Amino acid sequence: MVNSTVIFQSRKGNTKKVAEVISDTIGAELIDIHVPSILPKTDLLFVGMGIYAGKPDQDLLDYLELLPVNEIQGAAVFSTSCKGNDCMELAINILEHKGITVYPVHLALKGKFLFMNRKLPDALELEQARQFALEVQGSFHR
């Protein structure tokens with residue numbers, strides 16, 4: 001069985017919703033990086049981030065810098081932003097530098113911001129998150 005953990009950073013709650021769906025789908029522990037906790041021994045790490053002004057939140061990047069080297073085998077990244085663009089390269093580079101293999105497909109969803117995307121992420125986006133979690137977990141080999 002794959003030992004998985006979902007970590008996330010979310011200012012407006014969009015990424016938290018997605019992280020909760022992923023965690024529930026695969027039965028993984030859910031960790032908000034802003035709540036003091038210890039990362040359990042993990043084979044597969046799901047990393048959720050909000051994208052602000054075209055890049056991940058600095059708190060998330062700082063958290064990733066503190067991850068142990070060569071202890072986590074794989075990671076999958078997902079994000080929410082007002083445009084739904086994949087702007088996760090900075091986070092991916094940190095993970096790879098830590099010796100973590102990053103799943104090649106990333107999940108980038110739209111989330112509400114001010115008056116834009118008021119109802120997102122909605123059931124369709126959350127179903128995409130569920131499918132993403134199952135796909136990643138099913139392809140992961142320890």
Side-chain angles (χ1 to χ4, degrees), residues 1-113 116-142:
M1 184 169 144
V2 176
N3 187 8
S4 302
T5 303
V6 178
I7 63 169
F8 72 94
Q9 165 280 320
S10 184
R11 289 184 194 172
K12 303 292 182 188
N14 300 321
T15 307
K16 181 179 180 181
K17 285 182 191 176
V18 177
E20 289 170 340
V21 166
I22 291 173
S23 174
D24 289 346
T25 298
I26 61 172
E29 184 169 344
L30 181 65
I31 297 176
D32 179 339
I33 67 159
H34 291 113
V35 176
S37 61
I38 296 173
L39 184 67
K41 179 160 176 33
T42 299
D43 299 316
L44 176 59
L45 183 67
F46 285 81
V47 180
M49 63 200 84
I51 302 296
Y52 309 98
K55 64 181 186 173
D57 185 87
Q58 188 61 48
D59 288 348
L60 178 85
L61 298 175
D62 293 343
Y63 184 93
L64 295 179
E65 288 285 0
L66 297 174
L67 290 175
V69 175
N70 296 322
E71 288 188 22
I72 300 168
Q73 294 178 5
V77 294
F78 62 96
S79 69
T80 60
S81 67
C82 66
K83 294 183 180 180
N85 294 338
D86 182 343
C87 299
M88 298 173 264
E89 187 174 333
L90 290 172
I92 291 167
N93 289 341
I94 293 170
L95 292 166
E96 289 175 341
H97 182 70
K98 296 285 182 173
I100 301 169
T101 301
V102 178
Y103 190 70
V105 177
H106 315 137
L107 180 66
L109 299 173
K110 287 185 178 181
K112 66 182 174 205
F113 177 72
M116 298 169 24
N117 308 327
R118 283 189 171 196
K119 298 183 186 227
L120 296 179
D122 64 10
L124 179 62
E125 281 80 21
L126 297 178
E127 177 59 23
Q128 288 177 308
R130 192 179 80 71
Q131 291 299 323
F132 176 72
L134 292 171
E135 176 185 312
V136 171
Q137 188 177 49
S139 70
F140 183 76
H141 304 287
R142 295 181 357 166

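Because the structure is predicted, anything quoted here is derived from the model rather than measured. No hydrogens, no waters, no symmetry mates; every other heavy atom, side chains included, goes into these values.
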Distance-only, no hydrogens or angles: does the Tyr103 side chain make a donor-acceptor pair with backbone N or O of Ser139 under 3.5 Å?
no
Ignoring hydrogens and angles, state whether a donor on the side chain of Gln131 or Glu127 is under 3.5 Å from an acceptor on the partner side chain.
yes
Report yes if the side chains of Val69 and Ile100 come closer than 4.5 Å at any heavy-atom pair, otherwise no.
no
Kindly indicate, with the supporting measurements, whether the criterion side-chain contact (heavy atoms from CB on, under 4.5 Å) is fulfilled by Gln73 and Thr101.
CA-CA 6 Å; Gln73 294 178 5; Thr101 301; over 6 Å; no
Restricting to pairs with a member in residues 27-41, which pass salt bridge (Lys or Arg N to Asp or Glu O under 4.0 Å), not counting sequence neighbours?
none
Would a 4.5 Å heavy-atom cut-off, applied to side chains only, mark Leu30 and Asp24 as touching?
no
So, for Ile51 and Ser81, which heavy atoms are closest and what is the spacing to 0.1 Å?
CB-CB, 3.6 Å
Residues Val77, Leu107; criterion side-chain contact (heavy atoms from CB on, under 4.5 Å); working and verdict:
CA-CA 7 Å; Val77 294; Leu107 180 66; over 6 Å; no
Taking every heavy atom of Ala129 against every heavy atom of Ile22, the minimum-distance pair comes out as O-CG1, 3.7 Å
Using 0.5 Å steps for rounding, measure from the NE2 atom of His106 to the CE atom of Met49.
9.0 Å
Could you check whether atom NZ of Lys55 has more than 12 heavy atoms from other residues, nucleotides or ligands sitting under 6.0 Å from it?
no
Residues which pass side chain to side chain contact (heavy atoms under 4.5 Å, CB included) with Ser10, listed by chain and number, not counting sequence neighbours
Phe8, Thr15, Lys16
Side-chain heavy atoms of Leu45 within contact of Leu67, under 4.5 Å
yes
Counting only N and O atoms by type, is there a donor-acceptor contact under 3.5 Å from the side chain of Asp43 to the main-chain atoms of Asn3?
yes
Are side-chain heavy atoms of Phe78 and Leu109 found at a separation under 4.5 Å?
no
Determine, stepwise, if the pair Leu44 / Val136 fulfils side-chain contact (heavy atoms from CB on, under 4.5 Å).
CA-CA 9 Å; Leu44 176 59; Val136 171; 4.0 Å; yes
Between Ile31 and Pro40, the two heavy atoms sitting closest are CD1-CD, 3.7 Å
Looking only at heavy atoms, what is the nearest atom pair of Cys87 and Gly54, with distance?
CB-O, 3.5 Å
Can you tell if the side chain of Ile72 reaches within under 4.5 Å of the side chain of Thr5, non-hydrogen atoms only?
no
Is there a donor-acceptor pair closer than 3.5 Å between any side-chain N or O of Lys98 and the backbone N or O of Asn70?
no
Surrounding NE2 of His97 (heavy atoms of other residues, nucleotides or ligands, distance under 6.0 Å), is the total greater than 12?
no
Ala28 backbone acceptor or donor facing Ser23 side chain under 3.5 Å
yes
Side chain Gln9, main chain Gly50, donor-acceptor under 3.5 Å:
yes
Any side-chain heavy-atom pair of Thr25 and Leu134 under 4.5 Å
yes
Is any side-chain heavy atom of Ile7 less than 4.5 Å from a side-chain heavy atom of Leu39?
yes
Please tell me if the side chains of Arg11 and Asp57 come closer than 4.5 Å, counting only heavy atoms from C-beta onward.
yes
Rounded to the nearest 0.5 angstrom, the CD1-CD distance for Ile94 and Glu89 is 11.0 Å
Please report the shortest heavy-atom distance between Pro56 and Leu90, naming the atom on each side.
CD-CD1, 4.3 Å
Are Asp59 and Tyr63 close enough, and set up right, to give a side-chain contact (heavy atoms from CB on, under 4.5 Å), and what steps lead you there?
CA-CA 6 Å; Asp59 288 348; Tyr63 184 93; over 6 Å; no
